[in-house]
Amino acid sequence: MNRRPTTITLALLTVVLGPDLPAATQGPAVSSAFTAEDMLKVTTVSVLDLSDDGRRVAVTERRTRDNAQVDHRRYGDPGYLAPSAVRVAVIDTHTGARSVIFPELVNVRGAAWSRDGRRLAVLVAVLAGNGDTSIARLHVWDADRAVSREVQVKTDKPLALNSGLAWSADGSHLIVALASPARLSAGIGTFRTLTEGPVIVHSSKDPFLEWDALNRASRWRSLVELDPATGTTREILAERRLTSYNVSRDGTFLTFMEDVTEKTDYETIGGTDSTLGLVQAAGGEPRTLIAAKDLKGLQLRWSDDGRTFAFARKGEVFVQRIDEKKPRSLTPPPEKDEGVKAADAAAGTTAVDGKAAERETFSVSLVDLHGSKLLATSKKGWYIVDTATAARTQVLTLDEDDEKNPRMSAVAWSPDGAHLFATWSARDRYERGLVRLDVASGSMTPLVRDSRLYGGFRLSQNGTRVVYTMAEDDRPADLYASSVDLTDPRRLTASNPWLATKSLPRSELVSYRDADGKLLHGVLRYPVGYEVGKRYPTVFEIYETFFDNGFNARAAFLANHGYAVFHPSVNLVVGRPGEAWVKGVTAAANRLVDLGVADNDRLGVHGTSYGGYATVLLITQTDRFKAAINISGKVDMVSFYTDSPRLGVRNTHAPEKSQDRIGGTMWEFPERYLEHSAVLRADRIKTPLLCITGDQDPNVPASQSREMYYALRRLGKEVEWVRYVNGGHRPPNSVQEAIDFEQRIVAWYDRYVKPGGKDREDVK
């Protein structure tokens, strides 16, 4: 089965509470405001693994306050692992009975159930004796006895912190990865040289950028079979640079991706040339299934048994079994002879108005358990394709206008291959659900459909149980389990019962059109105590696009201070993304004013990272907002272009090919880089601006805000720059700093957006 968590939207008809859930979840009267301190207490639940029979699920529960402090100076250090302290528990999906694996919070790297669901292997990171280096420890929890023990691994190589965990079919062994002490020591030494010197030499003759090479160091791993009872190991695959690996369902072989990159790839962030290889679990020489030159740029979709994979290249779908020498095309392109009408018809290229229609192109979504069929998708619909014969059957037809189609995503095959499960969501309202698609007939059955927000749909190996998270009324999500038809949902966690006593805002989906007439959507969160007909100061938090609601801690905090909070969407265009912010955000403001919610004279705007960049660009084009906040956002596309060496080619790739949407290099489009550098238009800014940065931010250096701060000071503008000296891309770096951070945001808006606002000396 597809065992990785996948985002999903579901719905519930009834909820059955587990036997040990606190009574507070029943909803006592609301009595107090949601504070900055409360933001750090919210618990997030995640699934580690679900047993094959669906009976037991291993989960983590995480709070921000337990992970507030990170040594950002060691970003990229192979010997350092940022804290991720969590509570680990196992829950019975039928009864809700709960067992805590460790008495304390631990930093979990991964977990896996044995096939019989009776043992859980857990990889935990701990600090070594000197407290300076993270090392991995393996524990096995016995479900029948409810006890955990550490496995004493008998080898001169340590367990790799990025090791996977996979049980043999009979549960007698685990497949794990080991790291090289010598390579780890060398990596730590390289990090210290790059950060401390005393002399660092950079040369274009070196095949890799220094940080690019260092970031690849953790890929050096060997694979071994480990007996958890004795701690003894047997090598399966000698050390090499492994980007990923997978153990077959029957445990007889492993497939792996080996990094054979020869130099830094400027076309892809972290770009890697990999070969796909296979080795028998019993040992022996590995063999290559696909060479690196044929694998580049492909995303492989595997059958659950690990014997078949598929991929799409230039709109054509290919499939290959591990015993085949080369892939086979399942959707061959039409004949090149344009006069061959039969080929055109078969390929879906029927002429329209005397012109040949565009050839139908496909993507691969899911391969079934045994590789006998797969789901291919195109703009025209969904197709079930027989991998042996290439016979293709359309089971879902889509409208040519994508805006008329619901949002759908396939998430799992049933074990017998007779059905597909897919998420379903309306385009213009909060109507979400899960559907079951009958492969033979093509009929679609809605299982549930309503306005609640769900995620992490996971189907057990035997196809009898599902687990998922559910969020209702804009509160944090909890974990649920049900039979596969979703008729008997049971709540498994009540992670934040204390929130029942807190005032939280309600949300609503709002539609509007930007200046170009493009229909957009945004999420409005009303101020706590909202009164119809009364206008409120309104804060816009911007990034890219928004649709789904759900719990938002900062929005809840602002709503408790009397603000409406809106998350608007914008229509970004490659080459001129800056225009999108003024066209979309101001249109959203107009809509909220028209609805009678927003006070046109009391608007604020802020964003983080890309949203901070967008915020400052926006206020160079309009004086509509009374206050703005840039959190860790860039302001100078020229200086940013080759900054942040620890991120490799990220800062050149972003404007050239991805999020920044400039559309080319700085030498191809110098004018675009200048147009999107807000610091060059600082003289146009009339909005008071607060910049917040972390001095140790490797993503967007604090020097970006320094440029804007000194520019606006020179121009006599209102600006303030807050530096968290030990902070990273998320600026605060302690519980106290996190509280200070959120309070400064509110104080800035109170000062400039609320009527009668004045300076808050207590937060300076």
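The figures here come from the full heavy-atom set of this structure, side chains too, leaving out hydrogens, waters and symmetry mates. Keep in mind that this is a model prediction, so the values were computed, not measured.
- At distances below 3.5 Å, not a single donor-acceptor pair connects side-chain atoms of D259 with backbone N or O atoms of R219.
- Q659 and Y613 are not linked by any side-chain donor-acceptor pair at a separation below 3.5 angstrom, with hydrogens and angles left out of the test.
- No cation-pi contact links R115 to W167, judged by a cut-off of 6.0 Å to the six-membered ring centre and 45° from its axis.
- Between F311 and F318, the ring planes are parallel. Angles under 30° get that label, and only those over 60° would be called perpendicular.
- With salt bridges taken as basic N to acidic carboxylate O contacts below 4.0 Å, none links K634 and D643.
- Separation of atoms CZ (F362) and OG1 (T377) is listed at 9.0 Å; rounding is to 0.5 Å.
- For the pair E258 and S274, the minimum side-chain heavy-atom distance is 4.5 Å or more.
- With values rounded to the nearest 0.5 angstrom, R465 atom CZ is found 15.0 Å from R458 atom CZ.
- A distance of 11.0 Å separates CG in L123 from CG in L48, rounded to the nearest 0.5 Å.
- Using a 4.0 Å cut-off between charged nitrogen and carboxylate oxygen, R307 and D250 count as a salt-bridge pair.
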* Could you go through the salt bridge (charged side-chain N to carboxylate O under 4.0 Å, His left out) check for D402 and R427 one step at a time? => CA-CA 10 Å; D402 192 49; R427 289 272 181 178; 2.9 Å; yes
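- Residues H653 and S658 have side chains that bring a donor and an acceptor to within less than 3.5 angstrom of each other.
- Of the possible polar contacts, none joining the S248 side chain to the G306 backbone as a donor-acceptor pair under 3.5 Å is found.
- Scanning both residues, Q394 and T397, for their nearest heavy atoms gives NE2-OG1, 3.4 Å.
- Of all heavy-atom pairs spanning A312 and S363, the tightest one is CB-CA, 4.1 Å.
- Atom CH2 in W424 sits 9.5 Å away from atom CE in M444 (nearest 0.5 Å).
- Using modelled atom types, one finds no donor on one side chain facing an acceptor on the other under 3.5 Å when comparing R241 with T272.
- Checked by atom type and distance alone, the side chain of R432 pairs as donor or acceptor with a backbone atom of S451 at under 3.5 Å.
- The main-chain N or O of H419 is found under 3.5 Å from a side-chain atom of S414 such that the two form a donor-acceptor pair.
- Within a 6.0 Å radius of CD in E671, more than 12 heavy atoms belonging to other residues, nucleotides or ligands are found.
- Seen from the ring of F547, R407 counts as a face-on cation partner, given the 6.0 Å and 45° thresholds.
- In this structure, R452 pairs ionically with D450, as a charged nitrogen and a carboxylate oxygen lie closer than 4.0 Å.
- A salt bridge links R249 with D52; the closest basic N to acidic carboxylate O contact falls under 4.0 Å.
- Just one residue in the list T308, I290, T387, L276 forms a side chain to side chain contact (heavy atoms under 4.5 Å, CB included) with Q320, and that residue is I290.
- Ion pairing of K296 with E267 is absent here, as no side-chain N (NZ or NE/NH1/NH2) approaches a carboxylate O to less than 4.0 Å.
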* To do: Starting from the C-alpha separation in whole Å, work towards a yes-or-no answer on side-chain contact (heavy atoms from CB on, under 4.5 Å) for K379 and L398.
  => CA-CA 7 Å; K379 291 182 178 180; L398 299 177; over 6 Å; no
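- Side-chain contact check for L242 versus L223: some heavy-atom pair is nearer than 4.5 Å.
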What pairs of donor and acceptor atoms, side-chain ones from residues 662-669 against any protein atom, are under 3.5 angstrom apart with sequence neighbours left out?
residue: T665; atom: OG1; partner: W667; partner atom: N; Å: 3.4
residue: T665; atom: OG1; partner: E668; partner atom: N; Å: 3.1
residue: T665; atom: OG1; partner: E668; partner atom: OE1; Å: 3.3
residue: E668; atom: OE1; partner: T665; partner atom: N; Å: 2.8

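- Side chain of D206 to main chain of F208: no donor-acceptor pair is present (N/O by atom type, distance under 3.5 Å, no hydrogens or angles).
- Side-chain contact check for L486 versus V466: some heavy-atom pair is nearer than 4.5 Å.
- By the 4.5 Å heavy-atom criterion applied to side chains, S163 and R221 are not counted as neighbours.
- Distance check, rounded to the nearest 0.5 Å: NZ of K518 to CG of N571 gives 5.5 Å.
- Atom CD of residue E400 and atom NZ of residue K380 lie 8.0 Å apart, to the nearest 0.5 angstrom.
- A ring-centre distance under 6.0 Å is not found for Y468 and F457.
- Judged by distance alone, with hydrogens and angles left aside, the side-chain atoms of S303 form no donor-acceptor pair with the main-chain N or O of D368 at under 3.5 Å.
- One N or O on the side chain of D49 and one on the backbone of W113 form a donor-acceptor pair closer than 3.5 Å.
- Annotation: side chain of L420 is in contact with side chain of I384 (closest heavy-atom distance under 4.5 Å).
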